[in-house]
Amino acid sequence: MSGFRAKTLTKPIHKWAKRALPSLSPTEREATEAGEVWWEAELFSGNPDWTKLTDVKAPLLSAREQAFIDGPCQELCALIDDWKINQIDADLPEEVWTFLRENRFFGIIISEKYGGLGFSALAHSEIVRFISTRSVAAAVTVMVPNSLGPGELLHMFGTDAQQDHWMPLLASGEELPAFGLTSNEAGSDASAMIDDGVVEEGIWQGEKVLGIRLNWSKRYITLAPVCTVLGLAFKLRDPDGHLGKGEDIGITCALVPTDLPGVETGRRHIPSATMFLNGPTTGKDVFIPLDHIIGGTDYAGRGWMMLMSALAAGRGISLPSMGCAATAMSAHTSGAYARIRQQFGLPIGKFGGIQEPLGRLAANAYAMDAARRLTCAGLDEGRSLSVISAIMKCHATYRMRDAVNDALDIHSGKAVIDGPSNYLQACYRAVPIGITVEGANIVTRSLIIFGQGAIRAHPHILDEMKALTLEDEAESLDAFDKHFWAHVGHSVKTFFRAFGRAWTGGRIGPAPAAGPVTDIYRQLARWSAAYALTADFAFLTIGGALKRKEMLSARMGDVLSEMYILSAVLKRWEDEGRQKADLPVVRYNAERAFQRIQTAMDEVLVNFPSRWAAGLLRLVTLPGGSARAPDDALTEACSDLLYEPSASRDRIVGPVYGGCTRDGIATLNACFAAVTKAAPLMKKLRSAEQSPDAALKGGIITQVEHDQISHMQALTEQVVAVDDFSPEELAQLYPALKTGRMLTKEAAE
Ligand SMILES: Cc1cc2nc3c(=O)[nH]c(=O)nc-3n(C[C@H](O)[C@H](O)[C@H](O)COP(=O)(O)OP(=O)(O)OC[C@H]3O[C@@H](n4cnc5c(N)ncnc54)[C@H](O)[C@@H]3O)c2cc1C
């Protein structure tokens, strides 16, 4: 039957699909297949099996990992003066570099057998997150050696000899790594790089050996100015055929000691005034032996796949953790400040205008930390999550930008005036760094999340594409026939699911028994079906051209991302024991996600090239009214969670460093505690219409209570104050300001 079906029905479709479906070059195929799919594939199936989510073990730190955060991480933060790093020293102090090395901060992911810490993805993420709450410069310094740089690459692909040699040196910090991919020509498009390596004979440690002659010019490379070993990506050529892989072998990754003749490092960039070490590096006719190729010659030319695979871990941890830290700090400080700062006789957190951004902050902090933890749980199951790590990198950093902007609006002038006690400015300046590095977010959002997700997470597309690339025509048709008809069966089921769930307002979707949030699971199942159907129609009607429809792809990526983040919110609520007090942030996140999903789906259909398909999809998936954004009462309830100290507030904010008096956070924390403690006394004074002194005299309050109020008032003054500088102090920061006044042009001459 299937032979007859293949020859009659499938054959013309097979012919059409060969033209219509996106074709994959071997490199693209390798990169697409790098990493694996997980929970996002369930969302893509149109019918998520919730047990696969609820069965994921709640992420937990081991006792050793927790002790590291409570010990060396706290100590490190206490050593850091972020203002001094960024404004005066332009580097971490020597003491901090030594502390980082001695405590193995550069070997978080390196196994204990090599002298590293051998920590889980969750611990890695918690460490980066915690340090980021004190200093982005310090956090980035720790991040790089623990991601691509090239620890992760060596961990995944290094030969035994490479691992035995390099891992102990990297773990101890004796060797400091950097990873160089980006160059002038090759930013987002790594294939445009002209940095090259030619296979030829050369002299290595006094002997003639076969190796690679390298020439490169890289920029933006974190730790390049001080690194002792550079993980280098370049295009390898073998004109004399030594390796038997053809002349143009392709992107290759190798280890280049920076003390070799021809290597230039040392010059620095200034990335958004955040003074971690970042700069250009060049190499002229640098010679390395072949065994410096990461993974050995078998991996020559497979650099792109290696980078994509290794990024799956680093990209899911480093910048998302930094993003979550900035979001948590924004939520923490804004809630406290909104309680402390008074205008028009009331704490500003009582005004709806402030409650709107504060509520959003609470929801974002809860959601992104939920997504970070779920991602770490997946990574700790040993999965290489390529699509999810792209979602995390993009959205944790975008939401960080929203959060920091909200925090700046709430703090107003206090956040704009820079100085050692401004706890938000360094974070604000670092926002674009998080968005730009490890691949700019626009590319991630417009090309990777749906582009890669659609192919990887779809239950049948990748198999169909693989079948189409088989050289033997009969074999290709046979394999295609099998996967295509399975796809048709899937699409028919998805059609009826999408229709039934949409037309019942999401009331009949599958859901676990999850108490007051059961309906959220059902709604999510509704959108999952609508999404799967729309993705299928996009393949059917747009085919290979879908790759170039970036605005459509970005919106489809946004829907997948919203569904992933909301799944993580539900999982977190479950893992934390269904905390009733946290329900407002769970519901806020759900309502906002459904509204965003509906808007994105509507915009996809408005711009869908095939009008008949758009009409049909609209009829099936988008009947009835539009989803509402969270209402004002819900927003206020979320805002209140940050405005008062509570267990719920502590859960939303999570662990943040609060021990520094110089950056204003310790004072803010003390003041927040004092203001909330003194609230009943202040109420007493208001109803008696008395000042504290008058109330003391009149016996309305005791001396102890009076002291409590004075203490609170003194702290409030400190919190509300901003830094100012004498001309002499300013001249230290800006040498051109000799007397505190900018020299006139004439005087300078
Ligand atoms: C502080 C900092 C640290 C860094 N650290 C490192 C490091 O350690 N190692 C390293 O190798 N690199 C590093 N980078 C480089 C970083 O990964 C690149 O900046 C990034 O990949 C983007 O390249 P680009 O800046 O040249 O932007 P471009 O590629 O010039 O892109 C410009 C804009 O066009 C968009 N764009 C490009 N192509 C497309 C497309 N097809 N569709 C839609 N939009 C598109 C981009 O999203 C971006 O918005 C770092 C960068 C910075 C700023």
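All ligand and atom numbering here is 1-based and tracks the order in the structure. Here the structure is a predicted model, which is why all the values come from computation and not from measurement.
- With a 4.0 Å cut-off on non-hydrogen atoms, L223 does not touch ligand 1 at all.
- For D89 and K84, the salt-bridge test passes: some basic side-chain N is under 4.0 Å from an acidic carboxylate O.
- Shown in contact with N278 at under 4.0 Å from a heavy atom are these atoms of ligand 1, numbered in order with element: 1 (C), 2 (C), 3 (C), 4 (C), 5 (N).
- Of the protein's non-hydrogen atoms, T222 N, 3.0 Å is the one closest to atom 8 (O) of ligand 1.
- The nearest non-hydrogen atom to atom 48 (C) of ligand 1, considering only A440, C227, A554, comes from A440.
- In this model, no donor atom of one side chain and acceptor atom of the other lie less than 3.5 Å apart for S610 and T541.
- The existence of a salt bridge linking R129 and D369 is confirmed by a sub-4.0 Å separation between a basic side-chain nitrogen and an acidic carboxylate oxygen.
- Of all atoms in ligand 1, listed by their number and element, those nearer than 4.0 Å to a heavy atom of L181 are 10 (C), 11 (O).
- By the 30° and 60° cut-offs, the orientation of the rings of F44 relative to F450 is parallel.
- Closest protein heavy atom to atom 36 (N) of ligand 1: V443 CG2, 3.7 Å.
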For the pair L255 and W166, evaluate side-chain contact (heavy atoms from CB on, under 4.5 Å) and give the outcome as yes or no after the intermediate values. CA-CA 10 Å; L255 296 165; W166 289 104; 3.3 Å; yes
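- Note that atom 33 (C) of ligand 1 has no protein non-hydrogen atoms nearby, at separations under 4.0 angstrom.
- At the shortest separation from atom 44 (N) of ligand 1 among protein heavy atoms lies I442 CG2, 3.6 Å.
- Of the protein's non-hydrogen atoms, the one nearest atom 25 (O) of ligand 1 is Y220 CE1, 3.7 Å.
- If you check the side chains of N278 and T222, you find a donor sitting under 3.5 Å from an acceptor.
- Residues V142 and P145 share a closest heavy-atom pair of O-CD, 3.4 Å.
- A salt bridge links R372 to E126: at least one charged side-chain nitrogen sits closer than 4.0 Å to a carboxylate oxygen.
- For atom 2 (C) of ligand 1, the closest non-hydrogen atom of the protein is V437 CG1, 3.1 Å.
- Remark: the W97 side chain and the D91 side chain contain an N/O donor-acceptor pair separated by less than 3.5 Å.
- Here atom 24 (P) of ligand 1 lies nearest to G187 when heavy atoms of G180, G187, G434, S272 are compared.
- Protein heavy atom at the shortest distance from atom 27 (O) of ligand 1 is S188 OG, 4.0 Å.
- What sits closest to atom 43 (C) of ligand 1 on the protein, heavy atoms only, is E550 OE1, 3.0 Å.
- Summary of contacts: the protein heavy atom closest to atom 15 (C) of ligand 1 is T182 OG1, 3.1 Å.
- At under 3.5 Å, a nitrogen or oxygen of F179, whether backbone or side chain, sits near a nitrogen or oxygen of ligand 1.
- For ligand 1, the atoms lying closer than 4.0 Å to a non-hydrogen atom of P271 are 1 (C).
- Between D195 and K235 there is no salt bridge, since no side-chain nitrogen of the basic residue lies less than 4.0 Å from a carboxylate oxygen of the acidic one.
- Neither the backbone nor the side chain of V144 comes within contact range of ligand 1; no heavy atom lies under 4.0 Å.
- Against a heavy-atom cut-off of under 4.0 Å, I221 is close to the following atoms of ligand 1: 7 (C), 8 (O), 9 (N), 10 (C), 11 (O).
- Nearest heavy atom pair, residue L424 against residue N422, reads N-OD1, 2.9 Å.
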